[in-house]
Structure formats: structure tokens, C-alpha cells
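Every heavy atom of this structure was used, including side-chain atoms; hydrogens, water molecules and symmetry mates were not.
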2 protein chains.
Amino acid sequence: MAEKLDDLDARILNLMQDDARIPLVDLADKVASSRSAVWRRIQKLEEAGVIKKHTVLLDAEKAGLGVLVFAQVKMQAHSRDSLPNFIERVRNFPEVIECHTLMGDIDFILKVRVPSIQAYEDFFWNQLSQIEGVREINSSIALTAVKDTTRLNISAQS
Amino acid sequence: MAEKLDDLDARILNLMQDDARIPLVDLADKVASSRSAVWRRIQKLEEAGVIKKHTVLLDAEKAGLGVLVFAQVKMQAHSRDSLPNFIERVRNFPEVIECHTLMGDIDFILKVRVPSIQAYEDFFWNQLSQIEGVREINSSIALTAVKDTTRLNISAQS
DNA sequence: TATGAAAAGGGGTTGCT
DNA sequence: AGCAACCCCTTTTCATA
């Protein structure tokens with residue numbers, strides 16, 4: 001599928017994001033189409049990788065990972081060689097939920113979930129700050145989650 | 001369920017996060033337990049809200065939302081009254097995927113997904129910066145996603 | 001009371017029109 | 001592209017320890 005998403009695709013995706021277990025019949029009803037049509041669309045969307053995975057979202061607090069920290073990491077100016085290593089390490093830390101390269105004066109932003117502030121301290125000193133080429137880490141503890149979703153509001157493309 | 005998660009819960013949750021559609025039989029096999037036992041655990045975990053929702057994760061690029069921006073927002077010092085309004089507005093922007101209150105000198109961090117930089121500019125000027133009480137916004141465009149998951153690595157509690 | 005087995009119902013999948 | 005039959009998997013119920 002190099003093709004763009006049409007309106008039917010968009011509506012299917014939005015509904016599936018809200019509840020991935022919605023029965024095919026209900027889904028077809030809501031998008032005013034037939035079971036077969038909708039089913040085939042979903043197949044296409046999964047083959048094309050538009051739908052990446054089916055998962056469950058957990059309550060971090062109830063799952064024992066109540067502390068969320070955003071860590072902004074700056075690398076040493078002339079340590080381009082240490083980047084692959086940094087990336088590899090970060091990918092293998094289960095505490096790191098996300099890591100994005102940023103434009104501007106910060107190099108990386110990391111979203112980290114741990115059981116406690118104590119646990120973050122351990123992670124910070126023994127893992128993150130020990131990676132070669134790391135110059136500066138600015139850790140911000142998140143207080144309230146005003147909004148925390150994964151939902152992308154899809155609309156038909158051109 | 002005020003009770004803590006045991007090892008069986010943890011293994012079920014980790015597997016379901018990897019693939020929410022795993023058949024109950026396979027799940028039972030992998031955690032070395034019976035269908036019934038595993039099924040009842042899942043019910044409990046959903047009732048208790050440990051499992052918050054079943055969803056699909058989309059490829060943002062392929063879904064036409066290829067631009068990711070982290071916006072750090074500072075509010076005016078003496079505008080505590082405008083916070084509820086800010087929160088309400090942010091929750092209703094579909095572009096804003098996440099918004100967390102932070103300790104330290106930044107008040108909020110927002111994760112925003114839009115189709116293009118142009119679209120972000122529109123969102124920035126016409127929506128975000130117009131909210132009452134907003135003093136300063138620092139927008140960072142994300143380049144590469146080094147890691148982008150929702151997976152919490154669960155282990156048994158105390 | 002908790003666990004396992006087996007029956008029944010619902011829904012996803014496929015082939016045919 | 002739509003329809004219907006099939007089959008698998010979830011869900012419930014019952015029996016047992």
C-alpha cells in the first residue's frame with residue numbers, strides 16, 4: 001500500500017484505536033459498510049504496516065511503575081562515534097519507553113518509567129549517566145498526566 | 001484488586017503487551033498454566049483497571065502524521081486560575097497525544113503529532129499560544145525515533 | 001473455594017456467487 | 001463486492017479436589 005488512506009480507512013482506524021476488540025459487525029455498522037469490505041481493509045492496513053501492532057495499554061501506577069521521568073540528554077560535541085552505542089544501550093533499557101532525537105541544543109529526550117524515585121536514581125547513576133559520550137542529563141519528574149494517549153486522529157489523505 | 005501483581009500476572013501482562021491477540025491456549029502454554037487460570041487472571045486485571053484498554057498502534061508516518069514535536073510550556077507565574085482552562089483545551093486537541101505536568105521550571109511538556117511542519121506552525125500560532133496564561137513555549141522537532149513503545153516491563157510486586 | 005475440563009455460543013475467516 | 005457457511009477460539013458452566 002503506497003496508496004493514501006481514504007475516508008473509510010480513516011474511520012476504521014479511529015474506531016480500532018478506541019477499542020481494538022470491537023466486533024467486525026459493529027465496526028461495519030458504524031462505518032456504514034459491509035463486513036467483508038471492512039475486513040479486507042483491515043488486512044491491507046496490517047500488511048502495509050499502517051497498523052503496527054495490537055496491544056494492551058496498562059495503568060503504569062497499578063502495574064508498579066508509578067514514576068515517570070523525562071530525561072533530556074546532551075552528548076559530547078565531538079562524540080559522533082559514540083552515538084550508535086548510546087542508541088543500542090537505550091533500546092535495551094526496559095525502563096526507557098521512548099527515546100527521540102531532537103533538533104536544537106538537546107540531543108535526546110527519553111521517557112522513562114520506574115517504580116520509584118529511588119529506582120530512577122539507581123538507573124540514572126548506574127546506567128544512563130555511565131554511557132560513553134553523555135555530557136549532560138536533565139531529569140524532570142512528571143507529576144500529573146494531563147493527557148496520556150496513543151491515539152492518532154486519522155483523516156483521509158489528499 | 002488492591003492486591004499486588006504476582007509472577008503469573010506479570011508474565012501474562014508482558015505477553016499481552018507484545019501481542020494482545022495471542023490465543024488463550026498459547027498464552028496458557030507460555031506461562032505454564034491452564035486456560036481457566038489465565039482467563040480468570042485476565043478478567044481480574046481488566047476489572048482492576050491494570051489493563052486499561054485494548055488498542056492498535058499505528059505507524060504515524062504512514063497514517064499521515066509524520067511530524068512529532070515536543071512542546072515545553074511555561075505558564076504565567078500568577079495564573080493559577082487559568083490552569084483548568086489550559087488543561088481542558090489541551091485534552092481536546094487531537095494533535096496533543098500526551099501532556100504531563102513537570103517539576104522544575106517547565107510547567108508542561110506536550111507531545112504533539114501533526115501532518116507537517118506547516119501544520120505545526122498553524123497549531124502553534126492559532127491554538128496553543130492563544131491559550132490564556134501561556135507565557136512561553138519551546139518547541140523541539142523530533143528527528144529520528146530511537147525507541148517508541150508503550151511497553152512496560154512488568155515484574156511481580158513485593 | 002479454587003482449579004480443570006468440556007460444552008456452547010460468538011465471531012473471524014474463507015470461498016463462492 | 002457481498003453473502004453464507006465453516007471453524008476456531010472465547011466464554012460459561014459444571015464437576016472435582
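- For DNA chain D, if you chain together Watson-Crick or G-U pairs that step i with j, i+1 with j-1 and so on, the runs of at least three with distances under 3.5 Å are C:1-17 with D:1-17.
- Every residue meeting the salt bridge (Lys or Arg N to Asp or Glu O under 4.0 Å) condition with Glu46(A), not counting sequence neighbours, appears here in chain and number order: Arg21(B).
- Applying the ring pair (Phe, Tyr, Trp, His ring centres under 6.0 Å) rule to Phe124(B) yields no partners; only residues at least two apart in sequence or on another chain are considered.
- Between Arg40(A) and Ile22(A), the residue whose closest nucleotide on DNA chain C is further toward the 5' end is Ile22(A).
- Residues satisfying the side-chain hydrogen bond (donor to acceptor under 3.5 Å, both in side chains) criterion with Asn153(A), sequence neighbours excluded, are Arg151(A).
- Residues passing the salt bridge (Lys or Arg N to Asp or Glu O under 4.0 Å) test with Arg89(A): none are found, sequence neighbours excluded.
- Regarding Ile42(B), its CD1 atom lies at a distance of 16 Å from the C1' atom of dT3(C), rounded to whole Å.
- Remark: His54(A) engages no residue in a ring pair (Phe, Tyr, Trp, His ring centres under 6.0 Å) (not counting sequence neighbours).
- Heavy-atom contacts of chain B under 4.0 Å fall on DNA chain D between two terminal nucleotides, which in 5' to 3' order are dT10(D) to dT12(D).
- The side-chain hydrogen bond (donor to acceptor under 3.5 Å, both in side chains) check on Ser82(B) picks up Ser79(B), with sequence neighbours excluded.
- Legend: side chain to side chain donor-acceptor pair (under 3.5 Å) pairs involving residues 123-140 of chain B, not counting sequence neighbours, sorted by first then second residue: Tyr120(B)-Ser139(B).
- Take Val67(B) and apply the side chain to side chain contact (heavy atoms under 4.5 Å, CB included) test, not counting sequence neighbours, and it matches Val69(B), Val114(B), Ile117(B).
- Here the P atom of nucleotide dT13(C) and the CZ atom of Arg41(A) are 18 Å apart, to the nearest Å.
- Proximity of residues 24-39 of chain B to DNA chain C (heavy atom under 4.0 angstrom from any strand atom) is restricted to Ser34(B), Ser36(B), Ala37(B).
- At a threshold of 4.0 Å, the pair Asp19(A)-Lys53(B) does not count as salt-bridged, since none of the basic side-chain nitrogens sits closer than that to a carboxylate oxygen.
- Regarding Lys44(B), its NZ atom lies at a distance of 14 Å from the C1' atom of dT3(C), rounded to whole Å.
- Among residue pairs with one or both ends in residues 103-116 of chain A, those qualifying as side chain to side chain donor-acceptor pair (under 3.5 Å) are Glu98(A)-Lys111(A), Lys111(A)-Glu98(B), Arg113(A)-Asp148(A); sequence neighbours excluded.
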